[in-house]
Amino acid sequence: MKEITINPIGEIRSGECGQVIAIDEAYRAGLRGLEGFSHLIVLWWASGADEPEYRTLLDAGMPYRKVKAPLGIFATRSPIRPNPVCASVVDVADLDIERGCVSTYYIDAEPGTPVIDIKPYTPSIDRVASPSVPAWCDHWPADVETSGDFNWDAEFTF
């Protein structure tokens, strides 16, 4: 298989009211046209989980309470995977193209995490109206707006 190269376009930083996706100067022109999008898809490299032994891990075990058999790593959103690429949908709190700053209230990545791409979230392409999920997670909230009362800590088995 051919090797590929991925170059970060920026990194996650702590901001005044959340996190900032700081885009390197060389890539800032790519932010033009994002004005008006309320949400973005951010692809980031889980650099804290980028260890040679993690890249061979394909068995995720039974990380959730209702799982009846071990899961493969691709059935999870764990950053520990053959290529630690993660995706987050974030809300845009502010966009400063000139400074290369996309502010968001929350992203599940640590400060210093390399950002490898940003895409606009468009409901006509990115939203699935009636997705199906396996029984072990069919009790999870249907969307982020209703997930506030769900006890995620009680869901995991670690």
Side-chain angles (χ1 to χ4, degrees), residues 1-15 17-24 26-28 30-52 54-61 63-64 67 71-95 97 100-134 136-148 150 152-153 155-156 158:
M1 192 176 290
K2 184 179 177 183
E3 187 173 310
I4 61 172
T5 302
I6 294 177
N7 297 308
I9 62 167
E11 69 177 15
I12 304 298
R13 294 187 185 152
S14 294
C17 16
Q19 280 109 355
V20 174
I21 302 160
I23 303 302
D24 293 342
Y27 298 103
R28 290 178 187 169
L31 296 172
R32 287 190 321 265
L34 286 180
E35 304 93 334
F37 282 100
S38 66
H39 291 78
L40 301 173
I41 301 168
V42 180
L43 300 175
W44 47 278
W45 193 264
S47 53
D50 192 2
E51 299 292 336
Y54 293 161
R55 287 179 167 247
T56 62
L57 185 68
L58 299 176
D59 183 357
Y64 309 111
V67 170
L71 298 175
I73 200 66
F74 301 130
T76 75
R77 293 180 59 103
S78 171
I80 297 172
R81 49 200 327 109
N83 292 301
V85 175
C86 298
S88 299
V89 175
V90 302
D91 54 346
V92 179
D94 188 50
L95 174 66
I97 294 172
C101 294
V102 180
S103 298
T104 184
Y105 298 109
Y106 178 77
I107 185 169
D108 53 343
E110 299 289 326
T113 298
V115 174
I116 57 177
D117 204 358
I118 295 174
K119 301 175 185 300
Y121 178 89
T122 54
S124 60
I125 298 170
D126 300 313
R127 184 177 177 275
V128 177
S130 300
S132 60
V133 297
W136 57 264
C137 66
D138 67 359
H139 63 289
W140 292 1
D143 52 56
V144 70
E145 289 83 8
T146 60
S147 67
F150 188 75
W152 288 103
D153 292 332
E155 187 61 30
F156 297 93
F158 13 84

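Residue numbers count from 1 along this sequence.
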What do you reckon, is OH of Tyr105 surrounded by more than 12 foreign heavy atoms closer than 6.0 Å? no
Counting only heavy atoms not in Arg77 (residues, nucleotides, ligands), do more than 12 fall under 6.0 Å from its CZ? no
Please report the interatomic distance [atom1]([X]) to [atom2]([Y]), rounded to the nearest 0.5 Å.
X     : Y      : atom1 : atom2 : answer
Leu58 : Ile80  : CG    : CD1   : 12.5 Å
Leu43 : Ile6   : CG    : CD1   : 9.0 Å
Ile23 : Glu11  : CD1   : CD    : 10.0 Å
Arg28 : Cys101 : CZ    : SG    : 7.0 Å

Under 3.5 Å, side chain of Thr122 to main-chain N/O of Ser124, donor-acceptor pair present?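 No, because the side chain of Thr122 does not come within donor-acceptor range (under 3.5 Å) of the backbone of Ser124.
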State whether the side chain of Glu155 and the backbone N or O of Asp153 hold a donor-acceptor pair below 3.5 Å, judged by distance alone. no
Using 30° and 60° as the class limits, which term best fits the ring planes of Phe150 and Trp152: parallel, tilted or perpendicular?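 Taking Trp152 first and then Phe150, their aromatic rings stand perpendicular (interplane angle over 60°).
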Would you say [X] and [Y] make side-chain contact, with heavy atoms under 4.5 Å?
X      : Y      : answer
Ser78  : Ile73  : yes
Pro63  : Trp136 : no
Arg81  : Tyr54  : no
Tyr27  : Pro8   : no
Asp126 : Pro120 : no

Are Ser38 and Val92 close enough, and set up right, to give a side-chain contact (heavy atoms from CB on, under 4.5 Å), and what steps lead you there? CA-CA 5 Å; Ser38 66; Val92 179; 6.0 Å; no
Check the pair Trp140 / Val133 against side-chain contact (heavy atoms from CB on, under 4.5 Å), numbers first and verdict last. CA-CA 10 Å; Trp140 292 1; Val133 297; over 6 Å; no
Given Asn7 and Thr5, is the side-chain contact (heavy atoms from CB on, under 4.5 Å) satisfied, shown in steps? CA-CA 7 Å; Asn7 297 308; Thr5 302; 3.9 Å; yes
Please name the pair of heavy atoms, one in [X] and one in [Y], separated by the smallest distance, quoted to 0.1 Å.
X      : Y      : result
Phe37  : Tyr121 : CD2-O, 3.8 Å
Ala109 : Gln19  : O-NE2, 4.4 Å
Arg55  : Pro84  : NH2-CD, 3.6 Å
Pro79  : Ala46  : CB-CB, 3.5 Å
Gly100 : Leu31  : CA-CD1, 3.9 Å
Val90  : Tyr106 : CG1-O, 3.6 Å

Among Asn83, Asp50, Thr113, whose side chain to side chain donor-acceptor pair (under 3.5 Å) with Trp45 holds? Asp50
Would you mind telling me which of Ile107, Ile116, Asp117, Ile118 makes a side-chain contact (heavy atoms from CB on, under 4.5 Å) with Trp44? Ile107
Take Asp24 and Ile9 through the test side-chain contact (heavy atoms from CB on, under 4.5 Å) and record every step on the way to the result. CA-CA 6 Å; Asp24 293 342; Ile9 62 167; 5.8 Å; no
